[in-house]
Amino acid sequence: MAQPKAFLFDLDGVIVDTAHFHYQAWRRLANEKLGFDISEEFNESLKGVSRTESLDRILSHGNVTLTPAEKETLATLKNDWYVELINKMTPDDILPGINAFLEKTRLAGIKIGLGSVSKNAKPILERIGILNAFDAIIDGTKISKGKPDPEVFLKGAEELGASPNECVVFEDAVAGIEAGRRAGMKTVGIGQPDILTEADVVLANLNNLTIEDLRKALHF
Ligand code: G6P
Ligand code: MG
């Protein structure tokens, strides 16, 4: 029977709960520097989206217009606050089931790739001690287009020597599921089915998931 050849994992919200830290830092910026609040619901539209595009979406949400220089200052400030939060992380912050699932993936002979738009991806993987678990790392320093563009996952597949239809994408973001689908890959949503409506399968987390169950659910 057919076997998937590569699994491509998003980072923020899939491997670690940094999606929450991004929200915290953007919310602080909106509150303290822009004079409005952003809801958790609005934050769903920022997940998987690059730093500059996220700021543009926040500004347009609050009807605020800024110069490129002002935007640069705010994006840097948000990142400083975000880095303060991620610098406190330890291997204990890896989300439930991830380590075991990566091990099962490796034992099944399936390649492991990271597909993240974040420029902080590598320092985070180092901090939580799993940098070496990845056969390829595609992050915000290697791509020119954020999700929902498929670039990040197509590059991952290429580096791992897999064709798109042999890849599975694991994502918590609506934009990330769209990127995976546009890349021609199967998608596993991590989160809520009513939000990740376009994913092939949606799971709350990767706890106790076996490669065999996943293969069946995705019709490999
Ligand atoms: C990921 C996150 C986004 C974040 C983007 C850029 O895609 O889901 O919320 O905006 O990375 O992250 P960075 O760490 O480079 O600001
Ligand atoms: Mg994510």
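Nothing fancy with the numbering, it's 1 onward along the sequence. These figures come from a predicted structure and were not determined experimentally. Order of appearance sets the numbers: ligands from 1, and atoms from 1 within every ligand.
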Inset, instruction - Run the numbers for me: atoms of ligand 1, each under 4.0 Å from some heavy atom of N120, listed by number. - result: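 Close to N120: 13 (P), 14 (O).
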Inset, instruction - Work out whether the distance between some heavy atom of S54 and some atom of ligand 1 is less than 4.0 Å. - result: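 A heavy atom of S54 does come that close to ligand 1.
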Legend entry - Heavy-atom gap G48 to ligand 1 smaller than 4.0 Å: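 G48 counts as a contact of ligand 1 under the 4.0 Å cut-off.
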Inset, instruction - Applying side-chain contact (heavy atoms from CB on, under 4.5 Å) between S118 and each of I86, T18, D12, report the one that passes. - result: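 Among the candidates, only D12 passes.
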Inset, instruction - Scan V202, V201, L203 and name whichever one has a side-chain contact (heavy atoms from CB on, under 4.5 Å) with P193. - result: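 Filter result, single survivor: V202.
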Legend entry - Of E151, E159, E158, the residue whose pairing with K155 passes salt bridge (charged side-chain N to carboxylate O under 4.0 Å, His left out):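 Only match with K155 under salt bridge (charged side-chain N to carboxylate O under 4.0 Å, His left out): E151.
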Inset, instruction - Check D12 and report its N/O/S atom nearest to the Mg ion (ligand 2), by atom name. - result: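 When I compare the N, O and S atoms of D12, O is nearest to the Mg ion (ligand 2).
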Contact check: [X] vs ligand 1, nitrogen or oxygen atoms, below 3.5 angstrom:
X    : value
K119 : yes
R51  : yes
S116 : no

Legend entry - Minimum side-chain heavy-atom gap F21-K88 below 4.5 Å: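 With C-beta onward as the side chain, the pair stays apart.
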Legend entry - Minimum side-chain heavy-atom gap R181-V169 below 4.5 Å: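 R181 does not reach V169 side chain to side chain.
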Quick one: nearest non-hydrogen protein atom to [atom], plus distance?
atom                    : result
atom 1 (C) of ligand 1  : D12 OD2, 3.2 Å
atom 6 (C) of ligand 1  : S118 CA, 3.7 Å
atom 10 (O) of ligand 1 : V49 O, 2.7 Å

Legend entry - Side chain, backbone, both or neither: the part of L46 lying under 4.0 Å from ligand 1 by heavy atom: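 Backbone only.
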Inset, instruction - Have a look at the Mg ion (ligand 2) and estimate, to 10 degrees, the angle subtended by OD2 (D10) and OD1 (D172). - result: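 So the angle at the metal works out to 90°.
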Inset, instruction - Evaluate the criterion side-chain contact (heavy atoms from CB on, under 4.5 Å) for residue pair T52 and K71; output intermediate values, then yes/no. - result: CA-CA 8 Å; T52 48; K71 287 204 259 183; over 6 Å; no
Inset, instruction - Fit a plane to each ring of F101 and F9, take the angle between them on a 0 to 90° scale, and name the class: parallel (under 30°), tilted (30 to 60°) or perpendicular (over 60°). - result: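 Plane angle over 60°, so perpendicular.
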Inset, instruction - Indicate yes or no for a side-chain donor-acceptor contact from E171 to the backbone of T187 under 3.5 Å, with no hydrogens or angles considered. - result: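 No: the side chain of E171 does not pair with the backbone of T187.
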